[in-house]
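Scroll down for the structure; my scribbles are underneath it.
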Amino acid sequence: MALQAASLAPSAFSIQKEGKSSASVNSGLFGVSLADHAKTDFSSFVLKSKKEFGARKSSVAVRAQAVVTTPAINSDTVQGKKTLRKGNVVITGASSGLGLATAKALAETGKWHVIMACRDFLKAEKAAKSAGMAKESYTIVHLDLASLDSVRQFVDNFKRSGRPLDVLVCNAAVYQPTAKQPSFTADGFELSVGTNHLGHFLLSRLLLDDMQQSDYPSKRLIIVGSITGNTNTLAGNVPPKANLGDLRGLAGGLNALNSSAMIDGGDFDGAKAYKDSKVCNMLTMQEFHRRYHEDTGITFSSLYPGCIATTGLFREHIPLFRLLFPPFQKFITKGFVSEEEAGKRLAQVVSDPSLTKSGVYWSWNKASASFENQLSPEASDAEKARKIWELSEKLVGLA
Ligand code: LMG
Ligand code: NDP
Ligand code: PMR
């Protein structure tokens, strides 16, 4: 499936070059008015070109195209008032759970075009359809975060599309609570940290330029964190606890050959690896803030959306856990939140005008009001953040 989907990615963008001039397609894709936008049935183009892929391979080669972007603020000549064009938001892992709910919430506003960056094209298409997302409100593009080549391919495809990037949401994740042995990404990194942290680290670094170039008024880079990575909470104290130690495993490449598969150099533990990866996510957001906020104006945020106990994240947990976890969170911890509610929360971090402060880890109280939350000492350790940044740069080939 991954291979098959990989071959679809270029076609998703190649349709812009088939039969229509860039200018006419771009006016539909990037134009301000919803009516104009609705005329461009981009998602059906994607599916159509996918079907044609096997028969006409030569047409799939991605060619660079002239970039004709519409400015963020447009004058609406009919009504004589200024309007904001649709924002373009990339959401990784938008094929289920939080990512899908956020994509849906944003698409429904009519103000956002969602680029669903997913490893399984067909699953994503079915998910978007059954969520009732209007087909002109999204585009699915292949991205497998467990492969650095795939991340680079995604970025190339995105750049070639000529679409401005206004917000990037790093949402995808894997959790392997029952794994006895580590598994690895295409590049040989332990899978949870390799996917959740290193894949997103490369993706965000490579797309930062695009966000910088966008003329959208509020550009944001969001990385989904979690309470379970924060040892200043009860949830963060359920064993195994997150702990990055002195980063010796990360420095060694997390490959279980010449180093441990775990960041701290310890024995493999899937639940700990996930929590460690979330600490990396939260530290990365802060390091981005320190390095780039002032110069770029981009808002860097992280969040804990609540315990969405029903998502696919727990697919590898034992059946008894999957049965008891939702009622446990609903009735005992009261930390439970529905996918829909969590999607609205993340959508706020994407687009709410009151959530523009950079460097913040957002959470929500019982009344579902957002507040700036406190991170654990480790998840706010600036020196560790810098070291992780530098080691990660080496591992993903940026340094
Ligand atoms: C591990 O087990 C697994 O081994 C691992 O594979 C992985 O899955 C990992 O985190 C994921 O979990 C953790 C295990 C052991 O937890 C359990 O699942 C045991 C459940 C036992 C049930 C206990 C009764 C709960 C009440 C009953 C409710 C019925 C519904 C049941 C639903 C169960 C679904 C989970 O965990 C333990 O060892 C238990 C000890 C729990 C420690 C709690 C933490 C206390 C820390 C206190 C310090 C607080 C300091 C911070 C202060 C902050 C204040 C805000
Ligand atoms: P889901 O499993 O429903 O969603 C995870 C998404 O990530 C899926 O779309 C999955 O794709 C995708 N994904 C996994 N691996 C890759 C990969 N290699 N390349 C591309 N995409 C990939 O879980 P949630 O919605 O719960 O998780 C979303 C985010 O929320 C995660 O960052 C998680 O850490 C965070 N979070 C979740 C909490 C919860 O209680 N559920 C609490 C706190 C934070 P596919 O559909 O193909 O499997
Ligand atoms: Mg946890 C007190 C509140 C609370 C909250 C908000 C969560 C969230 N959890 C809480 C408490 C507890 N949990 C307690 C007391 C226990 C012991 C019974 C407990 C257990 C537990 C397990 C076994 N919880 C879990 C697991 C998982 O496998 C989940 C996990 O750690 O995934 C990494 C999990 C979670 N609890 C949460 C949240 C949000 C998760 C899941 C996901 C995540 O952090 O992304």
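Excluded from the calculations below are hydrogen atoms, water molecules and symmetry mates; all remaining heavy atoms, backbone and side chain alike, are included. Start at 1 and go down the list; that is how both ligands and their atoms are numbered.
- Panel note: side chain Asn196, backbone Val174; a donor-acceptor pair is recorded below 3.5 Å.
- Checking Arg220, Lys86, Arg85 one by one against Asp166, the side-chain hydrogen bond (donor to acceptor under 3.5 Å, both in side chains) holds for a single residue, Arg85.
- Ligand 3 is approached by His317 to a heavy-atom distance shorter than 4.0 Å.
- Formation of a donor-acceptor pair under 3.5 Å by the Ser147 side chain with backbone atoms of Asp144 is not found in this model.
- Applying the 4.0 Å criterion to heavy atoms of Cys307 picks out, from ligand 3, the atoms 37 (C), 38 (C), 39 (C).
- Cluster membership for Met282 and Val350, using ILVMFWY side-chain heavy atoms within less than 4.5 angstrom, is not shared.
- Here atom 33 (C) of ligand 3 lies nearest to Tyr274 when heavy atoms of Tyr304, Phe336, Tyr274 are compared.
- Within ligand 3, counting atoms from 1 as listed, the ones closer than 4.0 Å to a heavy atom of Thr228 are 31 (O), 35 (C), 36 (N), 37 (C), 38 (C), 40 (C), 43 (C), 44 (O).
- Atoms of ligand 2 found under 4.0 Å from any heavy atom of Ala172 (numbered from 1 in listed order, with element): 7 (O), 12 (C), 13 (N), 21 (N), 22 (C), 32 (O).
- Protein heavy atom at the shortest distance from atom 5 (C) of ligand 2 is Ala173 O, 3.7 Å.
- Asn171 places a side-chain N or O within 3.5 Å of a backbone atom of Gly93 that can act as its donor or acceptor partner.
- Protein heavy atom closest to atom 37 (C) of ligand 2, with residue, atom name and distance, is Leu313 CD2, 3.9 Å.
- Close contacts between ligand 2 and Leu143 involve ligand atoms 19 (N), 20 (C) [criterion: under 4.0 Å to a heavy atom].
- Here Thr195 has side-chain heavy atoms under 4.0 Å from ligand 2, and that is the only part of it that gets that close.
- Using a 4.0 Å heavy-atom cutoff, Gln329 is listed among the residues neighbouring ligand 3.
- Counting only non-hydrogen atoms, the option in Ser226, Gly97, Ser147 that gets closest to atom 43 (C) of ligand 2 is Ser226.
- At least one N/O-N/O distance between Ser226 and ligand 3 falls below 3.5 Å.
- The protein heavy-atom contact nearest to atom 41 (N) of ligand 2 is Ile308 O, 3.0 Å.
- Remark: distances from the non-hydrogen atoms of Cys307 to ligand 2 include one below 4.0 Å.
- Compare Phe314, Phe321, Tyr175, Phe325 by their heavy atoms: the one nearest to atom 23 (C) of ligand 3 is in Phe321.
- Contact atoms of ligand 2 toward Val174: 14 (C), 15 (N) (distance under 4.0 Å to a heavy atom of the residue).
- Counting heavy atoms closer than 4.0 Å to ligand 3, residue Lys278 contributes nothing at all.
- Heavy-atom contacts of Val238 reach the following atoms of ligand 3: 12 (C), 13 (N), 14 (C), 16 (C), 19 (C), 20 (C) (cutoff under 4.0 Å).
- Atom 24 (P) of ligand 2 has its closest protein heavy atom at Thr311 OG1, 3.5 Å.
- Proximity of Arg315 to ligand 2 is established by a heavy-atom distance of less than 4.0 Å.
- Close approach of ligand 2 to Tyr274 (heavy-atom distance below 4.0 Å) involves ligand atoms 33 (C), 34 (O), 36 (N).
- Residue Gly199 places no heavy atom under 4.0 Å from ligand 2.
- Considering only non-hydrogen protein atoms, atom 31 (C) of ligand 2 sits nearest to Asn171 O, 3.0 Å.
- Distances below 4.0 Å separate heavy atoms of Lys123 from the following atoms of ligand 2: 45 (P), 46 (O), 48 (O).
- Nearest protein neighbour of atom 6 (C) of ligand 2, counting heavy atoms only, is Gly93 O, 3.6 Å.
- Taking the six-membered ring for Trp and thresholds of 30 and 60 degrees, Phe314 and Tyr175 have ring planes more than 60 degrees apart, a perpendicular arrangement.
- Here's the thing with Thr333: none of its N/O atoms is less than 3.5 angstrom from an N/O atom of ligand 3.
- Ring planes of Phe321 and His317: parallel class, angle under 30° (limits at 30 and 60°).
- The salt bridge (charged side-chain N to carboxylate O under 4.0 Å, His left out) pairs that include a residue from residues 245-261 are Asp246-Arg248, where partners are two or more places apart or lie in different chains.
- Annotation: the span from Leu355 atom CG to Glu372 atom CD amounts to 9.0 Å, rounded to 0.5 Å.
- Every atom of ligand 2 is numbered from 1 in the order shown, and the set under 4.0 Å from a heavy atom of Asp144 is 17 (C), 18 (N), 19 (N).
- Residues in residues 179-208 take part in these salt bridge (charged side-chain N to carboxylate O under 4.0 Å, His left out) pairs, two or more places apart or across chains: Arg205-Glu393.
- The ligand atoms of ligand 2 that sit less than 4.0 angstrom from a heavy atom of Gly225 are 43 (C), 44 (C).
- Ring-plane geometry between Trp389 and Phe288 is classed as perpendicular, the angle between the planes exceeding 60 degrees on a 0 to 90 degree scale with a lower cut at 30.
- Using a 4.0 Å cut-off to heavy atoms of Ala146, the atoms of ligand 2 that qualify are 18 (N).
- A salt bridge links Arg386 with Glu383; the closest basic N to acidic carboxylate O contact falls under 4.0 Å.
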